[in-house]
Engineer: 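Starting off with a structure, shown below.
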Amino acid sequence: MPAQIIDVHTRSSDGIAVTDIPKQIADGLLRPFGQKQLPTVLLYDERGLRLYDDITTRVPEYYLFGAEEEILKSKADEIVQAMHRGASPSADEVILELGAGALRKTSHILLGISKFVKKEIPSASVTYYALDLEKSELERTLSQISISEIGQSLDGTVNTKGMWGTYYDGLKFIQDGGLVNQKVAANLSAVDSIRTISRQTSSDTSDSDSDLPVTPRDTIPPLHIMFLGSTLGNFDRQGASSFLRSLPLRAGSGDTLLIGLDHDNDKAVIEEAYNDSRGYTKRFIFNGLRAADGPSEMRICRHEAFFQSKCGQTIVEPGSGKLVKFTEGELLKIEQSYKFSETDSFMLFTDSNLRPIQRWMDEESRYSLWLLERPLFSFPLLRSPTSPLNKNLGEYSLSPFGVPSRVEWNDMWVCWDFITRQMIPPSMLFQKPIDLRHICLFYLGHIPTFLDIHLSKLFQEPHTEPEAFKRGIDPNVDDPTECHPHSEVPVKDEDWPALPAIMDFQTAVRARLMRLYDDIDSGKLVLSRKIGRVLFMTFEHEAMHAETLLYMLLQRAGTGTIPPPGFVAPPWASLAAGWAKVPPPSTKTVTMGPATVTLGHRDLEEGDSSDDILTHEFGWDNEHPKREVHVQEFKIEWRPVTNGEFYEYYMGAGKGRVDFPASWMEDDDGIKVRTLYGPIPIDTAYHWPIITSYNNLSTYATVKGGRLPSEPELRLFYDKFEAGYEGGANVGFRNWHPVPATTGGERNNGKGTNGGIWEWTSTEFDKFDGFVTSKLYPGYSTDFFDGKHHVVLGGSSVTPPRISERRSFRNWYQKNYPYAWAGGRIVYDTPGK
């Protein structure tokens, strides 16, 4: 039986397929000298696809295909399970492959899906769509797979179909509800089915179709998109993120993207892969020039392929008839293939609003398959200080640590509402997950109250109604000159405001803040540094309390706290297997110093009368002034102490010497590690950094013959070896849990990440020369200059990058405090230094 092929081309009113390939050719040829190019899509006509198939089967130097096939062949079952979050498949779910090609690699995933369906719901079936440019190739490959042994294995579990068109045609077809109507059409007569499909792929919207049943957009089944072969490398950096942003992946729906990316491998390896000695690649490239003559209907870190003009010549551009002149030796680009370092990959995903769920690499670590989802919220990349202002986004600063924009506030509010309204059940609102903290309900009201107090103080305006609610949350609200961090709160549950009243108040205060931005945008109010400081302070106050609330909720995870709904749950077993294979650093420590370390920055509150607002970097009072500290030579461990290291010590000689960490729990099955998804076996989290108190880690470090680093020592290490948010650091909700720490090795100049924790230092949180108490928030730092608190640096997995990436930011906790997401690494003094 012939394979079903859906024509998804966008068509004109007369039924002709609309394509911009001729325009791409014309635009590329008419570029100035040195910039001429042809679209890469020309390489993949019917003959080009077969020539590419020769490359993948006959050119061993072309490692990309083999590496990807190796991963798919050995990890298909893991990948399929990760795609489904451990849940059963939906009977109507869809797998769409962009640029399917010969389907040899894809067959491994299809077999994995078939096994998964048979195991979970034997009566169900899913539909696989192969999207490609060439209809004849789709017919050939789909027919071959249907009559093969693989096809027989898929029978009844995976239906294979084709989509004929470009990427953009196929994605538009889905966005316009084409898959939904395919499902509707399956229940109609054969004639009506054809009529429905035709309507979706043409401009025919006659009244004769108005009686067709309509299926709501939100009933579309789960969609799993596959984009293999490192094809994304054909886009430039900006084009790649724009394309990924355009994918119809719904946040919180279970939709996923499986994408292959080539690494930034050795130059010689890449050159050999794209220029084989037997000429297969050359024939493939020259076929693209042939296709351009008669197109069908339809860090630099990159490989590029060019044609070179052997003589001066003039050709006629086939679309416009214009003359195109080539000088002798001039290059015409036909192909580019960008490669992706660790930093490139994470920057791409973040900029594309995608969140990695899991990653698989081939045995030689030359290629990766990433499984991604569209998160319900995320934090963008930090803007470069040299980037131009984008008023369309409401940005008010050239510094990523300046005045927060409307967009940043919206991101934070979505995050805050997600935590407070979707992860805390009503039964927990009046609970104290940690005795030292307030009940959960307190934080819902405290945040808008804090904001309202400071807006009223700033403009000498009345507070937002209702007054009765504010008095119930913060007794200092009647005096806007006072703002104490330890306000008294009601003792009895019935004395607290009702949740609807808190939400109404929150809405009113947020609206008040947006009116302030309206006044700034309209010119009614001039944005001063004083206003900017209030906006910075209230924004980061909310961010820090979100983290506090989450490590509180961690203590009730599995017994009350709702795991992050809408985020794909971690496939623990598969992740742990991958973590266990990561090789340790070649040496356990690195020697640093002697050196002079610069701490802090210049941000004196007295200077807020200045009109310098665009480039100013705000901070809290304990970040000012900039100062220099000298450190002696020392050795510091590449990675923080792990759960596994601490566990081995605790179960051996450590009992009675160190405390049982609050991040652990024990039940009938042994010791487990707490996560917001519930407790997991310590073997799963064995390589994560340990989260425990300063006292615990300091004792452990002493037993090992070392100590915890000072603030300047840890800062010196971070400056040289931390990769940061753009380098893939586990902050900003990339995960809801720690991950193993990494070191970058030679390829990334040794830069890695600490796994997503704050790190304890031996430096007491206290005054230093030049410290000036904040007038806006007097007790922020000074209340904790008591000899009991220690500085922590870094950032946890849920710390917004605005905080974790500000080099001068200093956090602190009481040294016996067991709940904060803080760990640490060991330092060893160098003898005689």
Engineer: Taking side chain to side chain donor-acceptor pair (under 3.5 Å) as the cut-off, I'd like each qualifying pair that reaches into residues 694-706, sequence neighbours left out, listed once.
Structural biologist: T692-N696
Engineer: Show your working on ring pair (Phe, Tyr, Trp, His ring centres under 6.0 Å) between F634 and Y828 and close with a plain yes or no.
Structural biologist: CA-CA 6 Å; F634 62 96; Y828 304 92; over 10 Å; no
Engineer: Calculate, to the nearest 0.5 Å, the distance between atoms CZ and SG belonging to F430 and C440 respectively.
Structural biologist: 10.5 Å
Engineer: Mind checking the CG-CG spacing from L676 to L550? Nearest 0.5 Å is all I need.
Structural biologist: 6.0 Å
Engineer: Check P433 against M428 and note the closest heavy-atom contact, atom names and distance.
Structural biologist: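 Result for this residue pair: CG-CE, 4.3 Å.
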Engineer: What pair of heavy atoms forms the shortest contact from P490 to D495, and how long is it?
Structural biologist: CB-CB, 3.8 Å
Engineer: Taking atom types as modelled, find out whether S774 and E605 have a side-chain donor-acceptor pair closer than 3.5 angstrom.
Structural biologist: yes
Engineer: Can you sort out the partners of S378 under side chain to side chain contact (heavy atoms under 4.5 Å, CB included), two or more places apart, ordered by chain and number?
Structural biologist: N353, P375
Engineer: Please work out whether the ring planes of W409 and W413 are parallel, tilted or perpendicular, with thresholds of 30° and 60°.
Structural biologist: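 W409 vs W413 ring planes: tilted.
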Engineer: So, are D719 and R715 salt-bridged, with charged N and O less than 4.0 Å apart?
Structural biologist: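 Yes, D719 and R715 are salt-bridged.
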Engineer: For I453, is there any backbone N or O sitting under 3.5 Å from a side-chain donor or acceptor partner on S456?
Structural biologist: no
Engineer: Please check if the side chain of Q555 supplies one atom and the backbone of M552 the other of a donor-acceptor pair under 3.5 Å.
Structural biologist: no
Engineer: What distance separates Q814 CD from H789 NE2, expressed to the nearest 0.5 Å?
Structural biologist: 4.5 Å
Engineer: Mind listing the closest non-hydrogen atom pair of E759 and N754 along with its distance?
Structural biologist: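 Shortest heavy-atom contact: OE2-ND2, 3.0 Å.
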Engineer: Please walk me through it: do Y813 and Y819 pass ring pair (Phe, Tyr, Trp, His ring centres under 6.0 Å)?
Structural biologist: CA-CA 10 Å; Y813 290 105; Y819 303 109; over 10 Å; no
Engineer: Hey, does R707 have a side-chain heavy atom less than 4.5 Å from the side chain of D829?
Structural biologist: yes
Engineer: Check the pair D411, R802 against salt bridge (charged side-chain N to carboxylate O under 4.0 Å, His left out), reporting the backbone distance first and the verdict last.
Structural biologist: CA-CA 12 Å; D411 290 338; R802 177 189 177 99; over 6 Å; no
Engineer: If you compare all heavy atoms of K432 against all heavy atoms of H438, which two are closest, and at what distance to 0.1 Å?
Structural biologist: CG-C, 3.8 Å
Engineer: Is any side-chain heavy atom of W688 closer than 4.5 Å to one of T675?
Structural biologist: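 Sidechains of W688 and T675: in contact.
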Engineer: Is the backbone of T753 close enough, under 3.5 Å, to the side chain of T742 for a donor and an acceptor to pair up by distance?
Structural biologist: yes
Engineer: By the definition side-chain contact (heavy atoms from CB on, under 4.5 Å), identify the one residue from N730, V731, T799 that meets it with Y725.
Structural biologist: V731
Engineer: For L553, is there any backbone N or O sitting under 3.5 Å from a side-chain donor or acceptor partner on T561?
Structural biologist: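 Indeed, once roles are kept as given, a pair shorter than 3.5 Å links the two residues.
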Engineer: To the nearest 0.5 Å, what is the distance between CZ (F765) and OG1 (T782)?
Structural biologist: 9.0 Å
Engineer: Once salt bridge (charged side-chain N to carboxylate O under 4.0 Å, His left out) is applied, what residue pairs with a partner in residues 762-775 remain, sequence neighbours excluded?
Structural biologist: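 Found E606-K775.
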Engineer: Go through the steps to decide whether W416 and F539 satisfy the test ring pair (Phe, Tyr, Trp, His ring centres under 6.0 Å), and finish with yes or no.
Structural biologist: CA-CA 11 Å; W416 180 262; F539 179 87; over 10 Å; no
Engineer: Should E408 and F379 be marked as a side chain to side chain contact (heavy atoms under 4.5 Å, CB included) after you check the CA-CA gap, both sets of side-chain angles, and the distance that decides it?
Structural biologist: CA-CA 8 Å; E408 288 177 282; F379 290 93; over 6 Å; no
Engineer: When you measure from the side chain of S397 to the backbone of L614, do you find a donor-acceptor pair of N or O atoms at a distance under 3.5 Å?
Structural biologist: yes
Engineer: So which heavy atom on P818 is nearest to which on S693, and how close?
Structural biologist: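 Looks like CA-CB, 4.3 Å.
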Engineer: Under the side chain to side chain contact (heavy atoms under 4.5 Å, CB included) criterion, do R437 and Y443 qualify, and how do the steps go?
Structural biologist: CA-CA 10 Å; R437 295 288 180 178; Y443 296 93; 3.4 Å; yes
Engineer: Which heavy-atom pair separates P689 from P640 by the least distance, and what is that distance?
Structural biologist: CB-CB, 4.0 Å
Engineer: For V791, does its backbone N or O pair with a side-chain atom of T761 as donor and acceptor, under 3.5 Å?
Structural biologist: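 Yes, T761 side chain to V791 backbone: donor-acceptor pair under 3.5 Å.
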Engineer: Would you say E617 and D603 make side-chain contact, with heavy atoms under 4.5 Å?
Structural biologist: no
Engineer: Please work out which of the three classes, parallel, tilted or perpendicular, describes the rings of H541 and F450, given edges at 30° and 60°.
Structural biologist: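 F450 and H541: parallel rings.
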Engineer: Counting only N and O atoms by type, is there a donor-acceptor contact under 3.5 Å from the side chain of R734 to the main-chain atoms of A729?
Structural biologist: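 Judged by distance alone, yes, a pair lies under 3.5 Å.
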Engineer: Measure from the side-chain N and O atoms of S781 to the backbone N and O of D621, and report whether any donor-acceptor pair falls under 3.5 Å.
Structural biologist: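 Not confirmed, S781 side chain does not pair with D621 backbone.
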Engineer: What is the distance from atom CZ of R810 to atom CG of L793, rounded to the nearest 0.5 Å?
Structural biologist: 8.0 Å
Engineer: Using the side chain to side chain contact (heavy atoms under 4.5 Å, CB included) rule, take D518 and R406 through it: C-alpha gap first, then chi angles, then the decisive distance, then the call.
Structural biologist: CA-CA 10 Å; D518 290 341; R406 291 178 187 261; 2.5 Å; yes
Engineer: Test of understanding: with side chain to side chain contact (heavy atoms under 4.5 Å, CB included), list the residues that count as partners of V590, not counting sequence neighbours.
Structural biologist: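 Testing V590 for side chain to side chain contact (heavy atoms under 4.5 Å, CB included), a comparison that skips the adjacent residues, returns M592, I636, W638, F717, F721.
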Engineer: Side chains of P800 and M412: closer than 4.5 Å at any heavy-atom pair?
Structural biologist: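 Side-chain contact under 4.5 Å: yes.
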Engineer: Counting distance only, does the side-chain N/O of R529 pair as donor-acceptor with the main-chain N or O of G607 below 3.5 Å?
Structural biologist: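 Checking the backbone N and O of G607 against the side chain of R529, a donor-acceptor pair under 3.5 Å is found.
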Engineer: Would you find a donor on one side and an acceptor on the other, under 3.5 Å apart, between the side chain of T763 and the backbone of E711?
Structural biologist: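 Pair found, side chain donor or acceptor close to backbone of E711.
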Engineer: What is the ring orientation for F418 with W736, classed by angle as parallel under 30°, tilted 30 to 60°, or perpendicular over 60°?
Structural biologist: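 The rings of F418 and W736 sit tilted, inter-plane angle from 30° to 60°.
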Engineer: State which residues pass side chain to side chain contact (heavy atoms under 4.5 Å, CB included) with L499; sequence neighbours excluded, sorted by chain then number.
Structural biologist: R421, L429, L441, L444, M503
Engineer: So, using side chain to side chain contact (heavy atoms under 4.5 Å, CB included) as the criterion, who are the partners of S528 when residues are at least two apart?
Structural biologist: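 Here the qualifying residues are K530, I531.
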Engineer: For Y777 and R533, test the side chains for any donor-to-acceptor distance below 3.5 angstrom and give the result as yes or no.
Structural biologist: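 No pair is found: no donor N or O on one side chain lies under 3.5 Å from an acceptor on the other.
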Engineer: Evaluate the side-chain proximity of W620 to F536: yes if any heavy-atom separation is below 4.5 Å, no if none is.
Structural biologist: yes
Engineer: Check this for me: does any side-chain nitrogen of one of R806 and E540 sit under 4.0 Å from a carboxylate oxygen of the other?
Structural biologist: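 Yes.
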Engineer: Hey, can you tell me if W812 and Y780 have their rings parallel, tilted or perpendicular (30° and 60° cut-offs)?
Structural biologist: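 The arrangement is perpendicular - the two ring planes meet at more than 60°.
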Engineer: NZ of K815 to CG of L697: how many Å apart, nearest 0.5 Å?
Structural biologist: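 K815 NZ to L697 CG: 14.0 Å, rounded to 0.5 Å.
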Engineer: Starting from the C-alpha separation in whole Å, work towards a yes-or-no answer on side chain to side chain contact (heavy atoms under 4.5 Å, CB included) for L714 and W760.
Structural biologist: CA-CA 9 Å; L714 186 57; W760 289 106; over 6 Å; no
